[in-house]
Structures are given as structure tokens and as C-alpha cells.
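Working notes, structure below.
As a basis for the values below, the full set of heavy atoms in this structure was taken, side chains included, without hydrogen atoms, waters or symmetry mates. Since we're looking at a predicted model, the values are computed, not measured.
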Amino acid sequence: MKVKLLAENVFRPAAFPEHTYVSRKSTDIGIEINYELRLRQALKISGCLTSIVGPSKMGKSVLCERVVDFEHLVEVSGADFTNYLDFWQIIGAKAGLPLSGQFSQEQQFGEERQQKTENFMLHKDRVIAYFKEHNKVLVLDDFHSAPEDSQLYIAQQLKDAIRRDFKAIVISLPHRADDAIRKNADLQGRLSLINIQPWQLQELEEIARLGFEKLGIPIDEVLIERIAVESLTSPQLMQYICLSICTLLDADEKELKKIPEQVLETAFKFTTMNFEYRDVVKVLKDGPSTRGRERKQFQVKDGHVDLYTLIIQAIAIDPPLMGMTIDELKQRIDSFITAGPKPDKKAIRDAIAKLQLIIDERENIYKVFEWKDQTLYILDPIFLFYLRWGSH
């Protein structure tokens with residue numbers, strides 16, 4: 001008897017999507033090669049460190065889990081290195097090695113046997129030997145979230161380790177400083193570089209097609225395309241929204257003939273309940289301290305707002321974009337103003353630069369965009385989705 005699949009087993013936003021995994025092809029090297037093959041090849045090159053760079057929530061970790069068996073993966077985060085704990089002790093502990101202990105050794109002296117006990121501390125050589133013996137692969141995710149001095153130290157440690165056939169993958173975001181790895185002169189010629197491109201609409205759509213087919217639920221192509229657009233290049237968001245639709249329609253208990261169009265907006269809003277960006281939005285709208293001075297207000301449909309609120313509203317409107325030039329931002333901001341003066345480009349640039357300073361000094365969850373080369377890059381698609389559909 002065939003066991004019915006549950007929606008939670010098909011759409012898995014926070015775990016490996018066994019039933020909805022989509023293999024993608026890399027096009028940045030002039031030929032179409034899927035990312036799985038590129039990663040397999042990178043891991044076969046002795047003495048090289050694999051560097052994977054791509055936007056947030058793009059499936060970089062899932063790619064590693066697809067290529068490397070779970071029992072061989074040792075995953076750590078750059079955030080694990082916010083203090084000065086020894087790098088190799090952290091890696092060893094993640095792999096399940098004891099930080100310290102004792103070992104005994106018996107020795108024969110004529111007819112007498114003596115047992116010698118020695119203490120040991122976990123160290124670099126022991127961790128490297130363990131990884132090689134058990135065919136382990138280190139996956140260092142969110143490398144950019146490690147402090148800058150820690151990044152340099154980690155790069156130095158990995159440089160020596162990979163020469164001893166230690167296998168490691170470093171994952172980071174674009175538009176963040178990855179100089180410690182990709183621009184490290186000591187690592188030149190010892191890097192296997194994989195740049196993950198944002199997901200295309202047709203690739204995201206395939207997640208919904210695969211999943212709803214597995215569940216036996218018909219869905220119109222028009223709805224699939226709309227879900228993909230709102231997923232903002234993120235396969236994780238696509239998984240979340242599809243699971244929300246199934247939950248709202250009680251798909252596990254009912255036999256659904258189709259997915260009704262009216263459920264989509266409810267599903268988008270329902271999905272934002274999983275994300276907590278309320279404080280992030282408030283900090284961005286509040287902007288820097290005014291020190292008692294009143295901010296310039298601009299007239300909009302529902303009253304008056306300042307430039308920081310206008311910037312956040314401009315990011316959120318249609319069409320959703322993961323990157324906006326200063327011209328695009330100004331055009332969006334101007335569309336809100338119903339009467340009176342409009343901010344010029346310099347005022348907008350200065351305001352964004354001040355917001356950048358604010359988020360740079362805060363925890364990682366606040367680092368949702370980056371202002372670089374006159375373009376505002378959205379680093380976190382889930383944040384943009386929350387701006388569009390969340391309650392704030």
C-alpha cells in the first residue's frame with residue numbers, strides 16, 4: 001500500500017528537500033555545468049579550498065548536503081567564531097571529538113607489563129587526521145559573519161590544512177568582504193571558486209510543480225508563476241509559501257481538486273508569521289537620532305512621512321527587486337509624494353549611508369541590505385518578503 005506523502009515532507013524550507021530538490025546549471029564559466037558537478041570536481045582537487053559565494057537563502061548549504069553524504073558533513077558557522085576559542089577545538093567538537101581526555105598504553109619490560117596513562121588536548125593535527133581517516137568535509141557557512149580578525153586567522157589555518165588533504169568548503173555572501181579568502185595572496189592557486197547565481201523564475205517554479213505533483217494536487221501555471229515572483233529568487237521562500245498554502249487548505253486531510261487563487265495573498269501573509277523582522281523595520285524607519293531636531297516631512301496620500309520611511313516603503317513596492325540603483329529608488333520615492341518638494345538624489349544617498357552605518361553596528365539579522373557603487377543590494381530576500389507582506 002502506497003503511503004500518502006504529507007505536505008511537510010514534500011515542502012521543507014529549513015531542511016533538505018528530498019522530493020523538491022531542483023538541480024541548477026551554472027552559466028558563469030561559459031558552459032552549462034550543474035552546480036553539483038562543479039562541487040564534486042572542486043572536492044577532488046587535492047590541496048584546494050572550495051569557496052562558494054552566493055546571495056542569502058539561495059540553497060548553498062543544500063547544495064553541499066546534496067553532494068556530500070550527511071555522515072561526512074561537519075557544518076559550522078562563522079558566528080561560532082565570535083570569541084577566541086581555538087579554531088580547531090571548535091571544528092573537532094562539531095565533529096564529535098572530545099576536547100580533552102586520557103589514553104593508556106601498555107608496555108612490556110621483560111616479564112613485567114606496565115600501563116602508561118597520558119592526558120591529551122584536542123589539537124590541529126588530531127582534527128586533520130580524524131577528518132582524513134573518516135572522509136569528513138568541513139562546511140564553514142556564513143563565513144562573513146565571523147569577525148574580521150577571526151576571518152584572517154581561519155584563512156591562515158585552512159591554508160596549511162588543505163595542503164595536508166583536509167577538505168573544506170567556505171560559504172559566504174556576495175557584496176561582503178571575503179578578502180580573507182578570495183583575495184588572500186597566500187591562497188591564490190589553491191582555491192576552487194563557485195559563484196551561485198540567483199534562481200530564475202522557471203527554476204523556482206519547478207519546486208512547486210514537483211511538490212504539488214507529489215501531493216496529487218493540481219495547480220495552475222499562473223499561480224505557480226506568481227508564487228515564484230514573490231519568492232524573490234529564494235528557493236527557501238518558495239518552499240515556505242507552498243507549505244503555507246497546503247496548511248491553509250488542510251491538504252493532508254482533504255482531497256483538493258485545485259489551488260484557489262484567493263488563497264495566495266493569505267498564504268503570503270501567513271508565511272511572514274515565521275519571520276521576525278519587526279524590530280529591523282522599526283530601526284530602519286526610525287533612522288539615526290535627530291538629537292531634538294525635527295526631520296523634513298514629505299506629503300503622501302495618508303499624511304506626512306520622513307525620508308527614512310519613504311526609503312523603506314520604496315523598497316517594498318512592486319515590482320520586487322533585489323537590487324535598486326539610486327535612479328530607481330528616487331523614482332519609487334517620488335511616486336509616493338502627492339504634493340510639495342521631493343528629495344533629491346544627494347539626500348537619498350546620504351540617508352541610505354546613515355542607515356548603512358546603523359545596521360553595520362548591529363547584529364547580523366539587521367544586515368539586510370548593502371549600499372555599494374550607487375546601488376542598494378537587498379541581501380536577505382526574506383526581509384524583502386516581510387516588508388511586502390508582513391504586519392509592521
Shortest non-hydrogen contact from P343 to I337? CD-CD1, 3.5 Å
Does L310 reach the side chain of V300, with side-chain heavy atoms less than 4.5 Å apart? yes
Are E75 and K94 ion-paired here, with the side-chain N under 4.0 Å from a carboxylate O? no
I'd like to know whether CZ of R163 has more than 12 heavy-atom contacts from other residues, nucleotides or ligands below 6.0 angstrom. no
Do you know the tightest heavy-atom contact between I162 and L49? CD1-N, 3.7 Å
Compare every heavy atom of H19 with every heavy atom of L210, then report the nearest pair and how far apart it is. CB-O, 4.0 Å
Under the salt bridge (Lys or Arg N to Asp or Glu O under 4.0 Å) criterion, do D350 and K354 qualify, and how do the steps go? CA-CA 6 Å; D350 290 346; K354 290 176 182 177; over 6 Å; no
Do F270 and Y240 have ring centres separated by under 6.0 Å? no
Shared hydrophobic cluster for V229 and L223 (ILVMFWY, side-chain gaps under 4.5 Å): no
Surrounding CD of E213 (heavy atoms of other residues, nucleotides or ligands, distance under 6.0 Å), is the total greater than 12? no
Do F275 and M273 land in one hydrophobic cluster if side-chain heavy atoms of ILVMFWY residues count as linked below 4.5 Å? yes
Using 30° and 60° as the class boundaries, would you call the ring planes of F87 and Y153 parallel, tilted or perpendicular? perpendicular
Value for CG (L237) from CG (N274), rounded to nearest 0.5 Å, stands at 10.0 Å
Distance col, row M238:CE vs E205:CD, nearest 0.5 angstrom, shows 7.0 Å
Look at the rings of Y386 and Y277 and say which category their plane angle falls in: under 30° parallel, 30 to 60° tilted, over 60° perpendicular. tilted
Please test R388 against E230 for salt bridge (Lys or Arg N to Asp or Glu O under 4.0 Å), starting from the C-alpha separation and ending with a verdict. CA-CA 9 Å; R388 290 174 60 75; E230 290 297 340; 2.9 Å; yes
Partners of H304 by ring pair (Phe, Tyr, Trp, His ring centres under 6.0 Å), sequence neighbours excluded? none
I would like to know whether S77 and D141 meet side-chain hydrogen bond (donor to acceptor under 3.5 Å, both in side chains); could you show each step before the answer? CA-CA 5 Å; S77 169; D141 205 351; over 6 Å; no
Can you confirm whether Q331 is buried at CD, in the sense that more than 12 heavy atoms of other residues, nucleotides or ligands lie under 6.0 Å from that atom? no
Using the ring centroid of each side chain, check whether F369 and Y377 are separated by less than 6.0 Å. no
With a sphere of 6.0 Å drawn around NZ of K285, does it hold more than 12 non-hydrogen atoms of other residues, nucleotides or ligands? yes
Keeping the roles fixed (side chain from T20, backbone from V10), state whether a donor-acceptor pair exists under 3.5 Å. yes
I'd like to know if K330 and D344 make a salt bridge, using a cut-off of under 4.0 Å between side-chain N and carboxylate O. no
Would you please test Y366 and D360 for side-chain hydrogen bond (donor to acceptor under 3.5 Å, both in side chains) and show each step? CA-CA 8 Å; Y366 289 87; D360 283 347; over 6 Å; no
What are the two closest non-hydrogen atoms of I45 and Q41, and how far apart are they? CG1-O, 3.3 Å
Ignoring hydrogens and angles, state whether a donor on the side chain of E36 or Y21 is under 3.5 Å from an acceptor on the partner side chain. yes
Closest heavy-atom pair and its distance - R332, A314: NH1-O, 2.9 Å
Quick one: pull up CG in L384 and CG in L232 and give me the separation to the nearest 0.5 Å. 4.5 Å
Rounded to the nearest 0.5 angstrom, the OG-CZ distance for S234 and F385 is 10.0 Å
Can you get from M58 to L201 by hopping between Ile, Leu, Val, Met, Phe, Trp and Tyr side chains that sit under 4.5 Å apart? no
One pair to check against side-chain hydrogen bond (donor to acceptor under 3.5 Å, both in side chains): R38 and S26. What are the steps and the verdict? CA-CA 8 Å; R38 288 193 66 184; S26 162; 2.8 Å; yes
When rounded to the nearest 0.5 Å, the distance separating CD1 of I315 from CD1 of I378 is 4.5 Å
Contacts satisfying side-chain hydrogen bond (donor to acceptor under 3.5 Å, both in side chains) that involve residues 220-229 (not counting sequence neighbours) are R209-E221, R226-E265
I'd like to know if F70 and V67 are part of one continuous hydrophobic network [Ile/Leu/Val/Met/Phe/Trp/Tyr, side-chain heavy atoms within less than 4.5 Å]. yes
Is it true that F16 and I207 fall in one hydrophobic cluster, defined by side-chain heavy atoms closer than 4.5 Å? yes
Under 3.5 Å, is there a donor-acceptor pair between the T325 and Q374 side chains? no
Shortest non-hydrogen contact between A251 and I217, atoms and distance: CB-CD1, 3.8 Å
Measuring only between side-chain heavy atoms, which start at C-beta, is W371 closer than 4.5 Å to I326? yes
Taking side chain as C-beta onward, heavy atoms only, is F143 less than 4.5 Å from F81? no
For the pair V53 and I171, evaluate side-chain contact (heavy atoms from CB on, under 4.5 Å) and give the outcome as yes or no after the intermediate values. CA-CA 6 Å; V53 169; I171 299 176; over 6 Å; no
Before giving the answer on side-chain contact (heavy atoms from CB on, under 4.5 Å), spell out for F166 and L158 the whole-Å C-alpha distance, their side-chain angles and the decisive distance to 0.1 Å. CA-CA 8 Å; F166 180 84; L158 290 176; 4.0 Å; yes
Indicate every side-chain donor-acceptor pair of residues 131-139 with a distance under 3.5 Å to a residue at least two apart or in another chain.
residue, atom, partner, partner atom, Å
K132, NZ, R164, O, 3.3
H134, ND1, Y130, O, 3.1
K136, NZ, E71, O, 2.6

Could you check whether D160 pairs with K124 (Lys NZ or Arg NE/NH1/NH2 to Asp/Glu carboxylate O, under 4.0 Å)? yes
Using side-chain hydrogen bond (donor to acceptor under 3.5 Å, both in side chains), reason through T271 and S244 one step at a time and then give a plain yes or no. CA-CA 6 Å; T271 299; S244 293; 2.8 Å; yes
Does a salt bridge link K367 with D380, judged by any charged N lying under 4.0 Å from a carboxylate O? no
